[in-house]
Amino acid sequence: MQTLFIVLHIIVTCFLIFVVLMQEGKDPGMRGIQGASSDMGDSYFKKAGGTTKEAMFTKVTTTAAILFLITTMVLVVLSA
């Protein structure tokens, strides 16, 4: 049983790392030097409500983080 949760924990960990790395940063980068705001030049879809790619990544990241915490707690209980 512990081996199953270790494998699941490794999969969730890799997925969480992947999802976090896929997200765009909030830093405007070199545009910030010129005084441009971080949302300047973005498309309509970037600004539209909760259907954007950014909103989807936020939900997926939250779900993966919750799964990570659950598998961590289960592994701690099983090892005790």
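One-based numbering along the sequence shown.
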Self-check item: Residues that, via side-chain heavy atoms closer than 4.5 angstrom, fall in one hydrophobic cluster with Val7
Solution: Ile11
Quiz prompt | side-chain hydrogen bond (donor to acceptor under 3.5 Å, both in side chains) partners of Thr61, counting only residues at least two apart | solution = Gln23
Quiz item: Which value, rounded to the nearest 0.5 Å, describes the distance between Met56 atom CE and Met22 atom CE?
Solution: 8.5 Å
Quiz item: Hydrophobic cluster mates of Ile10, side-chain heavy atoms under 4.5 angstrom, ILVMFWY only, any path?
Solution: Met1, Leu4, Phe5, Ile6, Leu8, Val12, Leu16, Val20, Ile66, Leu67, Phe68, Ile70, Val74, Leu75, Leu78
